[in-house]
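Inspection log for the structure reproduced underneath, given as C-alpha cells.
Just so we're clear, the structure is a prediction, and the values are computed from it rather than from any experiment.
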Amino acid sequence: MFPLFEYFLVSWIDAAAAEHVYINDDTIREQGKIIQKRLTELPGCKENYESFDMSSGWLQGFKQRHNVVLKKKNKDLVDPTEIPGHQMGMTMQLEKFAPRDRFNCSDLRLELTRLPETVPDRRRVTVFLCVNADGSEKRRVLVVNRAATPLSFSQEKVNPANLPVIYRYSQRPWYTGLWYDFLRTFDTEIRAEKRHAVLLCQTSPSYPPPTQPPHFYKGPPPPVLTNITLIFLPSNLPMSLQPLDQGIIACFKATYRRMYVQALALHRTLTGAACSKLTHLECIGIIASAWQAIPPRTIVRCWQVAGICQDLMREEVTEEFKPERYIHTQESWCGRCVRQIMPHTHGEAFRLFWQLDESLPSEGTPPDAIRLIDEAVAAGVLEHGPDGINLDDVETGAGDPMPEEIISSQTAIKYLSQVNRYLRSLPETELRVPQGRTIATRGAIEHNSRIISGVFQHIENNKPSSRRGSSRMDTDGPEKESQEQWDTQTISQVYPSLLMS
C-alpha cells in the first residue's frame, strides 16, 4: 500500500470533480504516473514505486477503498428515454414527505476575488449548500477554506463560531469527515423539531453513505441517521435530477459576483479610493448574504425543472422569479458596478468574466497535480502526514494597511447607543432592507438595545469576582429573575448615558 500516493491521487480526483472534469480509468492512471514521478523526486518521500504497476486489479481496489464512482462524460451521453423513469422513481420516494421536508445538497468551488481582465489567484473556497423544495429553509452555508486562520481573521481577532457561515479548513476541497459532521448535525436538528426529512445528494466519493464509510476514513464513528432518509441520485445523470443544478447554484454564484463588485463600488463611492479586492472575512459575509438573497420562488422553479416533485408542478412561478431572469438581473447590476470601478473594461472582457463562474456547471480545466503536491510538501506533509498539515494562503500584500484596533466593550455600547439616537430621530417608521422587505424602526432600536444589554452582561461576567459581586444581586428565584429583567429593560438606557457623561 502507498498511502501518500493514494492520498494525492484522491485529492486530485476531488479537485477534478469540483471543477466538473471528466475522469475515467485512463485519466486516473495518467495522473497517477505524474504523481509518482513527482514524489520520487522528493528526498523526503519513503515510498518506492519501482515494482508498483497500476493494474486493473489495483485500480478496482483503489476505487472501492476510496469510494470513487466514475460518471459518464456528460449528460449528452445519457439516453433521454431513461430520464422520465428516474423522475417517476424519485417522485414516488419524495411524495412521502412534505415539500418543506425535501432537501437537496451539493458543494461547489467559488473563486472569491476574480474581476474582469485580472489573473486568477489562489483564493478559492468550497461552498456547501442545502435547501428544501419550497425555499422556506436554506441551511446555513458551509465554507471550507485551505487556511485555518486567514490573515483578516487574525487581524480582526475573529471567532469563527460567530461568523454567518459554518467555517472549516482543510487541505482538501471536501472530505468525508465534513459530510458526516453535516449529516450528524442535520439529523439532530430535524429530530429536535420532531420532523422527518429526505435528503437528495450525488453518488460521489465526496458523499459516502454513513453505513459504508470509505476504507481510509479514520474520523469519529459515522452518524446513525434516525430522522433523515438519504437518496443518492443516479451517477450517470445527477445534473438532470438535482434541483441545485437547475439554476440554484448559478443564481448563488451570480448573486455573489454582483454583491462582490457592488461592495468594491461602494467602497470607492464612500472613500473616493479604489479597492482592488476584499478580504476573506468580507467575502464570507457576502457568501452568506448571497445565499439568503435567492428568492424562495426561484428555488421552487428549479425543483420544478428537475421534474421530481409532481405536487410542486401545480404552483405557478412568474417570469421574474425564473432563474434565467434572476441571473440576467444580477448580470445587469454587476455590469453597472464594473463600469464604475473599471471604466475601461470592454464588453467582451465582462462577458468572459461573468460566464466563467456564473454559468451552469460544465467541463472545466483539470487541476495541476504537481502544484497540489508542492503545496502540501511546503505545508509539511512529508514530516507530519496528510492529517497534520495546514495549507495556509496569503490574502493581503505587505503594502496593505493594517486594520484599526478592535474597539472596547464600552465603545461598542457607545456606538450602538448613537445608532439608536439616530434611528429615533428618523421621520420614517420603517426601513427598507434587501429583497423588498422592511423592518420597523422601533424593532431595530429594540434589537440594538438587547445587544447593549448583552455586551453589558459580557463586561460584568468578565470582572473579577469581588467586583462582580458588588454590582449584581446574588439571589435566586423571583428576585434573580427580576434583576435579569431589570438588566434587559434598563441597562440599554442608563448605562450608555453613564459612559458618555
Side-chain angles (χ1 to χ4, degrees), residues 108-127 129 138 141 143 145 150-152 156 163-165 247-295 298 320-321 323-362 364 393-397 399-401 403 432-437:
L108 60 119
R109 294 286 281 164
L110 183 66
E111 191 169 342
L112 294 180
T113 60
R114 186 68 177 269
L115 286 173
E117 301 177 320
T118 59
V119 178
D121 61 20
R122 294 172 52 198
R123 298 174 63 190
R124 308 188 76 187
V125 297
T126 297
V127 176
L129 303 177
K138 302 188 189 85
V141 180
V143 175
N145 193 13
L151 184 59
S152 56
E156 299 290 346
L163 294 173
V165 303
I248 298 175
I249 289 177
C251 288
F252 165 74
K253 288 186 173 183
T255 308
Y256 174 84
R257 193 63 59 214
R258 187 265 298 173
M259 287 185 171
Y260 179 84
V261 175
Q262 202 170 30
L264 295 179
L266 181 62
H267 182 279
R268 186 186 187 97
T269 300
L270 295 178
T271 66
C275 178
S276 60
K277 60 183 179 181
L278 303 180
T279 66
H280 266 110
L281 184 59
E282 293 166 327
C283 291
I284 283 177
I286 294 176
I287 287 174
S289 298
W291 180 231
Q292 292 302 320
I294 302 175
T298 300
E320 62 180 313
F321 290 112
E324 301 85 359
R325 178 71 174 272
Y326 180 87
I327 293 172
H328 177 72
T329 301
Q330 303 303 307
E331 181 180 5
S332 299
W333 289 0
C334 185
R336 289 194 291 270
C337 294
V338 166
R339 287 191 292 273
Q340 181 179 346
I341 61 176
M342 305 176 70
H344 301 295
T345 301
H346 57 84
E348 181 64 16
F350 176 77
R351 186 186 65 83
L352 293 175
F353 151 75
W354 185 260
Q355 292 182 351
L356 176 68
D357 265 349
E358 276 62 39
S359 60
L360 288 171
S362 59
D393 50 355
V394 178
E395 59 173 306
T396 57
D400 291 338
R432 286 194 173 277
V433 295
Q435 303 183 45
R437 300 176 182 175

Q: Compare every heavy atom of T255 with every heavy atom of Q330, then report the nearest pair and how far apart it is.
A: OE1-CA, 3.8 Å
Q) What's the verdict on side-chain hydrogen bond (donor to acceptor under 3.5 Å, both in side chains) for E320 and T329, showing C-alpha distance, side-chain angles and the deciding distance? A) CA-CA 9 Å; E320 62 180 313; T329 301; over 6 Å; no
(Q) So, taking the atom named CD in E156 and the one named NE2 in H280, what distance separates them when rounded to the nearest 0.5 Å? (A) 14.5 Å
Q: Give the minimum heavy-atom separation between V261 and C337, together with the two atoms involved.
A: CG1-CB, 3.5 Å
Q. How long is the span from the CZ atom in F350 to the CZ atom in R339, to the nearest 0.5 Å?
A. 7.5 Å
Q) Roughly how far, to the nearest 0.5 Å, is the CG atom of L163 from the CD1 atom of I287? A) 10.5 Å
Q. Looking at I294 and K138, what are the two nearest heavy atoms and their distance?
A. O-NZ, 3.0 Å
Q: Report the residue from N145, L281, I284, T279 that forms a side chain to side chain contact (heavy atoms under 4.5 Å, CB included) with P150.
A: N145
Q: Flag the pair V338 / L264 as yes when at least one side-chain heavy-atom distance between them is below 4.5 Å, and no otherwise.
A: no
Q) Where do F252 and L110 land on the side-chain contact (heavy atoms from CB on, under 4.5 Å) test, with the steps shown first? A) CA-CA 10 Å; F252 165 74; L110 183 66; 4.3 Å; yes
**Q.** Over all atoms of both residues, closest heavy-atom pair of R257 and E111
**A.** NH2-O, 3.0 Å
Q) Do the side chains of I249 and K253 get nearer than 4.5 Å, heavy atoms only? A) yes
(Q) What's the separation between atom CZ in R336 and atom CD in Q262, rounded to the nearest 0.5 Å? (A) 9.0 Å
Q: Looking only at non-hydrogen atoms, find the nearest pair between A293 and M259 and report the distance.
A: CB-CE, 3.9 Å
Q: Determine whether T269 and Q340 make a side-chain contact, defined as any pair of heavy atoms from C-beta on separated by less than 4.5 Å.
A: yes
Q) Counting only N and O atoms by type, is there a donor-acceptor contact under 3.5 Å from the side chain of T298 to the main-chain atoms of P323? A) no
Q | Aromatic ring pairing Y260/Y256, orientation class (parallel under 30°, perpendicular over 60°, tilted between) | A | parallel
